[in-house]
Amino acid sequence: MSQCHICHEQIRPFISFGHQPLANAFREKSDSREEYFYEMQVMFCESCKMVQLAKQPDEKKMFHEEYAFYSGTSKRMGDHFSSLAKEFKDNELNDLSDGLLEIGCNDGILLKNFVLEKYRHLGVEPSANVAYVAREKGVQVVESFFNLDTAQKIKKEHGTFKVLFSANVMNHIIYMDDVIEGMNLLLSDGGILVLEDPYLGDIIEKTAYDQFYDEHIYLYSLTSMAHLYGRHGFQLFDVQPQITHGGSMRYYFCREGDRAVHERVSSWMQKEEDLGLYNPTTYDKFRSRCEKSKIDFVNLLTKLKQEGHSIAGYAATAKSTTVTNYCGITSDLISVMYDSTPIKQGRVNPGTHIPVLSDQNFKKDRPDYTVLFAYNHSAEIFEKEAWYKESGGKWIVYVPEVKILS
Ligand code: SAH
Ligand code: TYD
């Protein structure tokens with residue numbers, strides 16, 4: 001048994017993904033230091049409806065000056081955040097001084113859109129290397145983990161903000177009560193919190209088990225979010241589903257009573273009920289589908305290999321770390337992974353040590369089969385690498401099911 005990180009109920013994990021390394025800990029092949037592993041179990045709390053990892057490694061192990069994820073590697077994610085910036089400018093930030101605070105701004109993919117016109121803004125980012133890139137774009141950054149203590153310091157120096165935003169970060173932080181109190185302190189009267197994260201409904205429907213990794217401690221639904229923020233006086237007043245990261249949800253919160261609640265909130269909550277997100281048997285079925293996916297994936301790769309085909313991976317994502325380690329896939333099956341992030345190139349992937357090469361090598365090598373580990377960026381990658389299919393190369397995906405794309 002473990003304890004729910006939110007409401008402290010005793011709960012039992014419904015699945016173990018075995019021993020997993022840190023998903024973004026790409027290392028030198030020659031590195032002889034012991035690699036960190038932990039048992040990755042996932043559990044569902046029937047009281048607060050939170051799906052969560054049973055245990056999370058120390059945040060300083062995950063977020064530091066060599067953090068391997070740079071938001072700007074996807075052009076389409078750049079477009080996604082530019083259009084959100086426009087929404088904020090059009091609807092919320094009536095005055096340049098209103099203030100926008102972003103928690104986990106990474107390389108400035110959103111905030112760079114506010115620099116030229118001199119909107120008052122601030123990013124909070126603990127990973128020094130990506131914070132540096134944001135600053136190079138003119139973004140103002142506090143290099144720190146966001147928590148109540150950081151919020152108090154920010155308030156003294158910068159005051160409050162009309163909009164607090166965070167994408168793909170709130171699911172990374174275990175001490176959420178502290179974070180929400182910090183946000184409460186920094187939110188101006190009448191201001192809003194806008195939060196965006198991979199959506200549990202999509203994860204369950206698509207058997208996207210690779211959304212579970214060390215950084216993703218919480219996999220949110222409307223219900224678990226409304227409960228968590230409701231404890232701190234916040235009201236979920238709107239939601240907007242997003243296609244990013246394989247299916248995400250954008251949540252809009254205000255202080256209770258500040259804004260009218262859109263009917264989308266209750267209709268999405270009903271959808272969650274219909275999908276069985278509050279029913280433990282849903283998670284038992286999910287476990288069975290994960291086990292089947294693992295068998296199907298290993299069988300397919302083994303068969304192709306035995307037939308003499310070459311197999312590579314495209315995009316050394318954090319998600320791919322869960323998949324390769326859960327399925328026990330080493331370079332015997334996937335000989336190499338191609339990726340556009342310089343810090344990952346020339347290294348090996350965490351745990352199963354598949355070499356990572358620059359995506360420049362993809363065309364030269366032209367593997368017979370390529371596993372698309374960033375299926376969430378499939379439109380962008382298929383467009384960029386259209387030559388691959390035209391030359392007879394075959395893509396393999398494993399979400400929502402293992403298959404060779406025709
Ligand atoms: N918002 C970006 C980056 C998401 S990656 C995007 O959507 O693309 C997650 C980011 O959260 C990393 O840059 C990491 O350093 C940062 N992070 C992790 N813990 C944090 C914390 N406690 N406070 C602020 N940022 C944090
Ligand atoms: P993403 O799915 O956003 O990451 P994660 O699972 O790590 O959160 O994918 C980001 C990774 O994909 C990053 O390592 C860069 C790589 N990538 C490419 O190599 N080429 C591309 O065209 C894109 C869009 C991403």
Side-chain angles (χ1 to χ4, degrees), residues 23-24 26 56 58-60 62-78 80-81 84 101-111 123-131 133-134 141-151 165-176 178-179 182-183 195-198 208 210-217 242 244-246 248 250 313-323 337-345 347 349-350 356-362 372-385 399:
N24 269 311
F26 293 82
Q56 188 184 42
D58 186 327
E59 61 184 358
K60 292 194 188 71
M62 301 185 284
F63 310 113
H64 42 63
E65 66 290 345
E66 276 197 51
Y67 184 54
F69 177 79
Y70 288 71
S71 303
T73 47
S74 160
K75 192 186 161 304
R76 293 214 181 182
M77 287 306 292
H80 169 79
F81 287 118
L84 177 64
L101 178 84
E102 188 186 6
I103 300 171
C105 67
N106 199 274
D107 58 10
I109 190 165
L110 171 81
L111 289 182
V124 184
E125 177 48 65
S127 300
N129 57 332
V130 292
V133 178
V141 186
V142 169
E143 202 178 292
S144 181
F145 286 97
F146 186 84
N147 52 33
L148 183 54
D149 184 50
T150 308
F165 176 71
S166 194
N168 309 302
V169 178
M170 293 295 123
N171 58 343
H172 289 52
I173 311 175
I174 192 165
Y175 44 87
M176 279 309 298
D178 194 68
V179 166
M183 293 200 280
L195 310 165
E196 176 174 317
D197 283 292
D210 56 354
Q211 283 290 357
F212 295 106
Y213 56 91
D214 56 345
E215 296 176 22
H216 288 182
I217 174 88
Q242 307 292 321
T244 52
H245 291 296
S248 297
R250 187 176 289 159
Y314 196 100
T317 56
K319 296 184 288 290
S320 71
T321 297
T322 296
V323 177
M337 293 163 102
Y338 303 105
D339 195 283
S340 62
T341 316
I343 200 172
K344 297 181 184 178
Q345 297 163 1
R347 296 192 172 195
N349 91 314
V356 181
L357 292 182
S358 159
D359 53 349
Q360 302 290 318
N361 293 276
F362 183 44
L372 183 60
F373 282 113
Y375 53 85
N376 47 313
H377 298 304
S378 59
E380 181 170 354
I381 292 172
F382 289 163
E383 188 181 301
K384 186 157 81 181
E385 310 289 6
V399 168

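Positions are given from 1 along the sequence. Computed from a predicted structure; not experimentally measured. Read the numbers this way: they start at 1 and go in the same order the structure lists the ligands and their atoms.
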Fill in: Per-residue contact class, Phe69 against ligand 2 - non-hydrogen pairs under 4.0 Å
side chain
Discussion item. Applying a heavy-atom cut-off of 4.0 Å, say which part of Asn376 lies close to ligand 2: side chain, backbone, both or neither.
Written reply: side chain
Worksheet entry | N/O separation below 3.5 Å, Asn106 to ligand 1 | yes
Worksheet item: Using 30° and 60° as the class limits, which term best fits the ring planes of His245 and Phe69: parallel, tilted or perpendicular?
Response: tilted
Discussion item. Quick check: closest heavy atoms across His172 and Ile217, and the distance to 0.1 Å?
Written reply: C-CG2, 3.6 Å
Discussion item. Are Phe165 and Leu84 packed together at the side-chain level, in the sense that at least one heavy-atom pair is separated by less than 4.5 angstrom?
Written reply: yes
Worksheet item: Below 4.0 angstrom, N of the basic side chain to O of the carboxylate: do Glu66 and Arg347 qualify?
Response: yes
Item to complete: Measure the shortest side-chain to side-chain distance between Phe373 and Asn349 over non-hydrogen atoms and say whether it is less than 4.5 angstrom.
Response: no
Fill in: Modelled atom types, side-chain donor and acceptor of Glu59 and Tyr175, under 3.5 Å
yes
Item to complete: Run the numbers for me: atoms of ligand 1, each under 4.0 Å from some heavy atom of Tyr175, listed by number.
Response: 22 (N)
Worksheet entry | Structural part of Lys75 in contact with ligand 2, heavy atom criterion under 4.0 angstrom | neither
Worksheet item: So, is Phe146 polar-close to ligand 1, with some N/O to N/O distance under 3.5 Å?
Response: yes
Worksheet item: Should the proximity of Arg76 to ligand 2, defined as any heavy atom under 4.0 Å, be assigned to the side chain, the backbone, both, or neither?
Response: neither
Fill in: Nearest-contact summary for atom 22 (O) of ligand 2 - protein heavy atom, Å
Lys384 NZ, 2.4 Å
Worksheet item: So, is Thr341 polar-close to ligand 2, with some N/O to N/O distance under 3.5 Å?
Response: yes
Item to complete: Record the part of Phe63 in heavy-atom contact with ligand 1 below 4.0 Å; permitted values are side chain, backbone, both and neither.
Response: side chain
Discussion item. Is the shortest side-chain heavy-atom distance between Gln360 and Gln345 below 4.5 Å?
Written reply: no
Worksheet entry | Heteroatom proximity flag, Glu125 to ligand 1, N/O under 3.5 Å | yes
Discussion item. Please give me the minimum heavy-atom distance between Asn24 and Ala68, naming the atom from each residue.
Written reply: O-CB, 3.6 Å
Item to complete: Pick one of side chain, backbone, both or neither for how Tyr375 approaches ligand 2, counting any non-hydrogen atom pair under 4.0 Å.
Response: neither
Discussion item. Is the contact between Phe165 and ligand 1 made by the side chain, the backbone, both, or neither, using heavy atoms and a 4.0 Å cut-off?
Written reply: neither
Worksheet entry | Residue Asn168 vicinity, atoms of ligand 1 by number, heavy atom under 4.0 Å | 4 (C), 5 (S), 6 (C), 7 (O), 9 (C)
Practice prompt. Give yes if a backbone or side-chain nitrogen or oxygen of Glu59 is under 3.5 Å from a nitrogen or oxygen of ligand 1, and no if not.
Written response: no
Worksheet entry | Atom pair CE (Met337) and CG (Asn361), whose distance is rounded to the nearest 0.5 Å | 14.5 Å
Response to the item:
Quick note on ligand 1: atoms under 4.0 Å from a heavy atom of Ser71 include exactly 2 (C), 3 (C), 6 (C), 8 (O)
Fill in: Option passing side-chain hydrogen bond (donor to acceptor under 3.5 Å, both in side chains) with Arg76 (candidates Glu383, Glu380, His377)
Glu383
Worksheet, complete the sentence: One finds that the ligand 1 atoms under 4.0 Å from a non-hydrogen atom of His172 are 9 (C)
Worksheet item: At a non-hydrogen distance cut-off of under 4.0 Å, which region of Ile173 contacts ligand 1 (side chain, backbone, both, or neither)?
Response: side chain
Worksheet item: Which bit of Lys344 gets closer than 4.0 Å to ligand 2, counting heavy atoms only: side chain, backbone, both or neither?
Response: side chain
Worksheet item: Under a 4.0 Å heavy-atom limit, does His377 contact ligand 2 with its side chain, its backbone, both, or neither?
Response: side chain
Worksheet entry | Note, Asn168 side chain near Pro198 side chain (heavy atom, < 4.5 Å) | yes
Practice prompt. Hey, could you give me the OG1/OH distance between Thr322 and Tyr213, rounded to the nearest 0.5 Å?
Written response: 8.0 Å
Discussion item. Nearest 0.5 angstrom please: Asn129 CG to Asn106 CG, how far?
Written reply: 8.0 Å
Worksheet item: Quick one: nearest non-hydrogen protein atom to atom 12 (C) of ligand 1, plus distance?
Response: Tyr67 CE2, 3.5 Å
Worksheet item: Less than 4.5 Å apart, any side-chain heavy atom of Ser358 and any of Tyr338?
Response: no
Worksheet item: How close does the nearest protein non-hydrogen atom get to atom 16 (C) of ligand 2, and which residue and atom is it?
Response: Asp339 OD2, 3.3 Å
Practice prompt. Measure the spacing between CG of Asp210 and NE2 of His216 and express it to the nearest 0.5 Å.
Written response: 10.0 Å
Discussion item. Quick test of your reading of the structure: of Thr73, Asp359, Asn24, Val356, whose heavy atom lies closest to atom 23 (C) of ligand 2?
Written reply: Thr73
Worksheet item: Looking at ligand 2, does any of its N/O atoms fall within less than 3.5 Å of an N/O of Lys319?
Response: yes
Worksheet entry | Residue pair Phe382 / Leu372, side-chain heavy-atom distance below 4.5 Å | yes
Worksheet item: Please walk me through it: do Tyr67 and Glu125 pass side-chain hydrogen bond (donor to acceptor under 3.5 Å, both in side chains)?
Response: CA-CA 11 Å; Tyr67 184 54; Glu125 177 48 65; over 6 Å; no
Worksheet, complete the sentence: atom 8 (O) of ligand 2 sits nearest the protein heavy atom Tyr213 OH, 3.5 Å
Item to complete: Would you please determine whether Tyr70 falls within less than 4.0 Å of ligand 1 on a heavy-atom basis?
Response: no
Worksheet item: Which of the atoms of ligand 1 are close to Ala167, meaning less than 4.0 Å from one of its heavy atoms?
Response: 1 (N), 2 (C), 4 (C), 6 (C), 7 (O)
Discussion item. Polar contacts were defined as any N/O atom of the residue lying under 3.5 Å from an N/O atom of the ligand; does this apply to Pro126 and ligand 1?
Written reply: no
Item to complete: Using a 4.5 Å cut-off on heavy atoms from C-beta on, say whether the side chain of Gln211 contacts that of Asn171.
Response: no
Worksheet item: In the protein, which heavy atom is nearest to atom 7 (O) of ligand 2, and how far is it?
Response: Ala318 N, 2.7 Å
Worksheet item: So which heavy atom in the protein is nearest atom 17 (N) of ligand 2, and how far is it from that ligand atom?
Response: Ser340 OG, 3.8 Å
Worksheet item: How far is atom 11 (O) of ligand 1 from its nearest protein heavy atom, and which residue and atom name does that atom have?
Response: Val169 CG2, 3.5 Å
Item to complete: For Asp339 and Ala316, work out which heavy atoms get closest and say how close.
Response: OD2-N, 2.7 Å
Discussion item. Please report whether ligand 1 has a polar contact with Ser127, defined as an N or O pair separated by less than 3.5 Å (distance criterion only).
Written reply: yes
Worksheet entry | Nearest neighbour in protein (non-hydrogen) for atom 12 (O) of ligand 2 | Ala315 CB, 3.5 Å
